[in-house]
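Fair warning: this is a prediction, and the values are worked out from it, not measured in the lab.
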There are 2 protein chains.
Amino acid sequence: MRAGDRAYVTLREEITNGDLPAGTVLGEVEQATRLGVSRTPVREAIRRLIGEGLAVRRERGVEVTEVSLDNIRELYDVRVALECQAARLAARNRDPEVFETLEAAFDDVSGLLDDRDGLRRDYYALVARFDDAIDDAVDNPYLVAAMRTVRTHLARIRHMARSDRSRLLDAAREHALIVHAIIEGNGELAAHATHVHLYNSLSHRLAKAVSLEGHTADAVSPDEGDARETA
Amino acid sequence: MRAGDRAYVTLREEITNGDLPAGTVLGEVEQATRLGVSRTPVREAIRRLIGEGLAVRRERGVEVTEVSLDNIRELYDVRVALECQAARLAARNRDPEVFETLEAAFDDVSGLLDDRDGLRRDYYALVARFDDAIDDAVDNPYLVAAMRTVRTHLARIRHMARSDRSRLLDAAREHALIVHAIIEGNGELAAHATHVHLYNSLSHRLAKAVSLEGHTADAVSPDEGDARETA
DNA sequence: TGCGCCTTCAGTGTATACACAAACGTCGTC
DNA sequence: GACGACGTTTGTGTATACACTGAAGGCGCA
């Protein structure tokens with residue numbers, strides 16, 4: 001792997017993790033020293049981060065962007081548009097077998113969910129498979145790229161609103177319906193079920209985020225590092 | 001302006017113009033020599049182009065991506081999702097005055113359209129104002145960024161399907177309806193009118209592109225260099 | 001003591017040197 | 001004559017040197 005790619009992956013990971021919080025200035029020399037490479041690959045990595053919107057040029061150097069509650073709403077406005085369309089297209093092109101497997105898994109999910117993080121991780125892995133199946137079925141590189149960008153940004157606010165068990169069970173039912181509609185080839189139902197799912201997801205997150213603001217916002221456990229963000 | 005930005009703007013312009021056709025290999029040294037800068041800024045520019053999907057890494061170096069008829073359909077699938085949502089949001093947040101001015105302009109457009117390219121450019125400038133007004137009203141950086149990406153790609157296939165006078169008149173009526181719905185604050189109508197407009201736009205383009213394929217595909221006059229692509 | 005100018009420094013922008021990998025051509029051998 | 005191996009060439013990856021800009025701090029003068 002090239003040093004430039006490593007620097008990019010590392011920095012992006014640290015930003016989404018929160019290790020590099022919003023407002024952190026990304027000096028080329030500083031990051032180059034820290035990552036053990038020269039300025040050139042770091043420079044490339046930072047430029048890519050700026051291109052994705054994870055960092056911005058400021059008067060003095062570049063710094064990690066903020067993510068506010070308003071940003072969450074904005075991201076969901078884009079997400080609804082993209083993922084409803086994706087569901088619609090997936091219903092048109094889908095391979096039924098893939099989604100039948102997924103449907104069975106979502107129906108069985110109550111047996112999977114436990115308060116122990118290992119099992120929760122299994123659920124997130126299932127959602128990741130769901131996302132991949134959609135990406136694969138839509139077969140549209142532009143749409144997939146746009147969705148990936150939104151997912152990257154949403155991953156940053158994961159720690160602000162961690163889903164609880166009851167929300168995950170609801171989310172599983174919502175996913176099951178989306179998958180069912182896709183199997184039936186019912187694009188409109190798939191799109192609308194996606195809309196419903198994302199509305200509920202956003203409502204849950206906003207409630208969590210607001211209730212956390214102020215007292216324990218920074219004390220939320222930031223585990224589940226690589227879990228995909230779709231509950 | 002920095003050399004890196006200049007290199008990026010120049011290369012992107014040349015790619016969308018068709019001066020650098022699909023498949024052209026973008027060698028760092030070659031482009032650096034041609035643009036009169038060193039490899040470093042050229043390198044940055046090429047990386048940005050790759051990030052946007054205008055270029056791809058190949059076995060040997062990087063080259064300008066292809067745009068096929070299938071790509072046009074894929075782009076419109078994304079465009080419909082994004083711009084319908086944008087119209088909906090614009091109807092919610094709009095400043096009525098801005099759109100009333102636009103509505104008047106679209107109603108008067110038949111007086112503007114002439115076969116002479118200068119007047120046609122005026123029409124494209126009006127559409128650009130429309131796009132800017134939407135971008136401004138939605139007030140969502142993520143959505144605007146996604147739409148800009150799609151527009152950049154669509155600009156590349158402009159020469160494949162140039163709109164004729166009657167299509168432009170129809171497009172003006174379609175735009176007028178979208179604007180009207182936005183003024184009324186009718187988000188659903190704005191979204192659906194956008195859907196109709198984009199459907200007609202795509203149909204027109206595909207018909208043109210198919211009819212051009214084979215005989216005069218490369219002979220289409222590539223003027224109207226900086227016209228925004230929305231008819 | 002305060003204000004303004006100058007010097008210095010930190011950091012980015014650009015150029016270039018060096019390293020390394022892959023491909024092509026040529027030469028030698030079978 | 002053909003095939004294989006080695007050298008050369010071309011191009012990217014990385015590091016670093018140099019230039020320029022903007023800022024901050026210190027010093028001098030009022």
Protein-nucleotide distance ([X], atom [atom1]; [N], atom [atom2]), rounded to Å:
{"X": "B:Glu30", "N": "D:dG11", "atom1": "CD", "atom2": "C1'", "answer": "11 Å"}
{"X": "B:Glu44", "N": "D:dT14", "atom1": "CD", "atom2": "P", "answer": "16 Å"}
{"X": "A:Glu28", "N": "C:dG11", "atom1": "CD", "atom2": "P", "answer": "11 Å"}
{"X": "B:Leu35", "N": "C:dT14", "atom1": "CG", "atom2": "C1'", "answer": "14 Å"}

DNA chain D: 5'-proximal contact among B:Gly61 and A:Pro41 (nearest heavy atom): B:Gly61
- request: For A:Arg88, enumerate each residue passing the salt bridge (Lys or Arg N to Asp or Glu O under 4.0 Å) test, keeping only those at least two apart in sequence or located in another chain.
  value: A:Glu188
field: A:Glu14 side chain to A:Asn17 side chain, donor-acceptor N/O pair below 3.5 angstrom
entry: no
message: Any donor-acceptor pair under 3.5 Å linking the side-chain atoms of A:Arg129 with those of A:Thr101?
response: no
task: If a protein heavy atom is under 4.0 Å from the base, mark B; if only from the sugar-phosphate, S; if neither, -; do that for nucleotides 16-21 of chain D going 5' to 3'.
output: BB----
- request: Could you tell me whether A:Arg73 and A:Asp70 make a salt bridge, using a distance below 4.0 angstrom between a side-chain N and a carboxylate O?
  value: yes
field: Presence of salt bridge, B:Asp135 and B:Arg151, under 4.0 angstrom
entry: yes
- prompt: Among D:dT12, C:dG13, D:dA15, which is the nearest nucleotide to the side chain of B:Val29?
  reply: D:dT12
- request: Could you check B:Asn71 against B:Glu74 for side chain to side chain contact (heavy atoms under 4.5 Å, CB included), going step by step and ending with a plain yes or no?
  value: CA-CA 5 Å; B:Asn71 289 146; B:Glu74 289 168 350; 3.1 Å; yes
- prompt: Mind checking what makes ring pair (Phe, Tyr, Trp, His ring centres under 6.0 Å) contact with A:Phe99, not counting sequence neighbours?
  reply: none
task: Using a cut-off of strictly less than 4.0 Å between a heavy atom of the residue and any atom of DNA chain D, enumerate the qualifying residues of residues 1-10 of chain A by number.
output: A:Arg2, A:Ala3, A:Gly4
message: Strictly by ring-ring contact (aromatic ring centres under 6.0 Å, His included), give each pair with a member in residues 132-157 of chain B just once, sequence neighbours left out.
response: A:Tyr142-B:His153, A:His153-B:Tyr142
task: Pick base, sugar-phosphate or nothing for A:Arg58, based on heavy-atom distances below 4.0 Å to the nucleic acid.
output: nothing
Cut-off 3.5 Å, no hydrogens considered: what does the side-chain donor-acceptor table look like for residues 48-55 of chain B, sequence neighbours left out?
from	atom 1	to	atom 2	distance (Å)
B:Arg48	NH1	B:Asp5	OD1	3.0
B:Glu52	OE1	B:Tyr8	OH	2.8
B:Glu52	OE2	B:Tyr8	OH	3.0

- request: Examine C:dG11: is either OP1 or OP2 under 4.0 Å from a nitrogen or oxygen in the side chain of A:Arg57? Give yes or no.
  value: no
